[in-house]
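Below is one structure, written out as structure tokens; comments come after it.
Any value given below was found using the heavy atoms of this structure, including those in side chains, with hydrogens, waters and symmetry copies removed. Atoms within each ligand, like the ligands themselves, are counted from 1 in listed order.
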Amino acid sequence: MDISYILNELGEERENYFNAIAPPIIQTSNFKFNTVDDFREALADEYQGNLYSRGFNPTIDILRKKLAALDGAEDALVFGSGIAAVTVPVLALLSTGDEVVCVENPYSWTIKLFNDFLPKFGIKTTFVDGSNTSAIEAAITSQTKLIYLESPNTFSFDVQDLEAIATIAKAKGIITMIDNSYCSPLYQQPIAYGIDLVAQSATKYLAGHSDVMAGVVTGKKELMKRIFEKEYMNIGASLAPQNAWLLLRSLRTLPIRLEKITANANKVIAFLEQHPKVETVLHPFRKNSKQLDLAKKQMKACGGLFSITLKNPSLEKIETFCNSLKHILMAVSWGGYESLIIPACAGISKADFDLNNPRHVLIRIYVGLEEPEYLIRDLEEALSME
Ligand SMILES: *Cc1c(COP(=O)(O)O)cnc(C)c1O
């Protein structure tokens, strides 16, 4: 399917709404039925259509069709946040006594889901170094029902071999799920490698303007229906029609935004790589990475997110550098217009900060849509301060 067709036509039945070019926001909680028979049929199978907007809604449906097509999936469910798109499917697929094999150091709230939330239901998780496919295989037990991946990781950018892991999982009847927020469907298509479920924080590139929280999971219809009929409807983390509409609007410019973000980031990375005060620039396509061939096989490009370390770092140096930036904003998240910075040390108490822990000295940068020269000047000045 052509990407332009997906973004501009798929799911849009313009004749149903006055031939408007932009899709409508169907801001309603419920839908009416003319006969008890119709009503009964709709209540018996809510996955089939519009009944109540906690389930489906016409604006949401346009978005679901586009997001499924972008991933090469049969169907998509959308949520009020990215973490709901992770938590709800995981809860739907697992029962007491089941086990999960999860890649090390995933997104912070994903760690809390597996470490703190799932144990309440007697579900155990083993965390494994995802760059080592045999370690993932070795962690599988007869109780393993889910292998959870995040490739690339969004702080250290380690990648996992999606095809190899999907093959191992399929042979054992284990479901595989990935958090694909870093790449978006434009830069990585996990379903083509055999991954069952693809989750994303749509708050990031898909929404792209730092103004909407949303999440999506895509996969086979049978799996989506299973998730929808139980935990999706019960937890009720659905997306508001207004926010679905903002996402539809954002999707039109996703390719051009990502293209510019990637070009900007490449310029900023080239500047940082030659800067005497910068020790390393971490991203999946870095030249000396052991995982470069794998990353290039699975991914089209890296986008705007990478981390750096300073030469001979100290907490003071990291803080001075970050505090000195005038245009790059200190904030969580990424994917919008604005370039952002987040030092790992901001999430660690001063007492726990360990200079010898390679993760503690990382400084994550997101390059957005400003002109790269403007960002480079900001970085240059801030680096001269430390
Ligand atoms: C932001 C993020 C999430 C969570 O998404 P929200 O939209 O913030 O709920 C999950 N995974 C990754 C990799 C993220 O960056």
Would you kindly check if the NZ (Lys) or CZ (Arg) of K296 is within the cone defined by 45 degrees around the ring axis of F285 and under 6.0 Å from the six-membered ring centre?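 Ring-cation test returns yes.
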
Would you call [X]-[Y] a salt bridge at under 4.0 Å N-O?
X: K317; Y: E279; result: no
X: R14; Y: E12; result: yes
X: K225; Y: E46; result: no

Protein N/O near ligand 1 N/O, under 3.5 Å, which pairs?
residue  : atom   : partner : partner atom : Å
ligand 1 : 5 (O)  : S201    : OG           : 3.0
ligand 1 : 7 (O)  : G82     : N            : 2.8
ligand 1 : 7 (O)  : S201    : OG           : 2.8
ligand 1 : 7 (O)  : T203    : OG1          : 2.6
ligand 1 : 9 (O)  : G82     : N            : 2.9
ligand 1 : 9 (O)  : I83     : N            : 2.8
ligand 1 : 11 (N) : D179    : OD2          : 2.6
ligand 1 : 15 (O) : K204    : NZ           : 2.7

Using a 6.0 Å cut-off, check whether atom OH of Y47 has over 12 heavy atoms from anything other than its own residue. yes

Are Y232 and F79 near enough that their ring centres are under 6.0 Å apart? yes

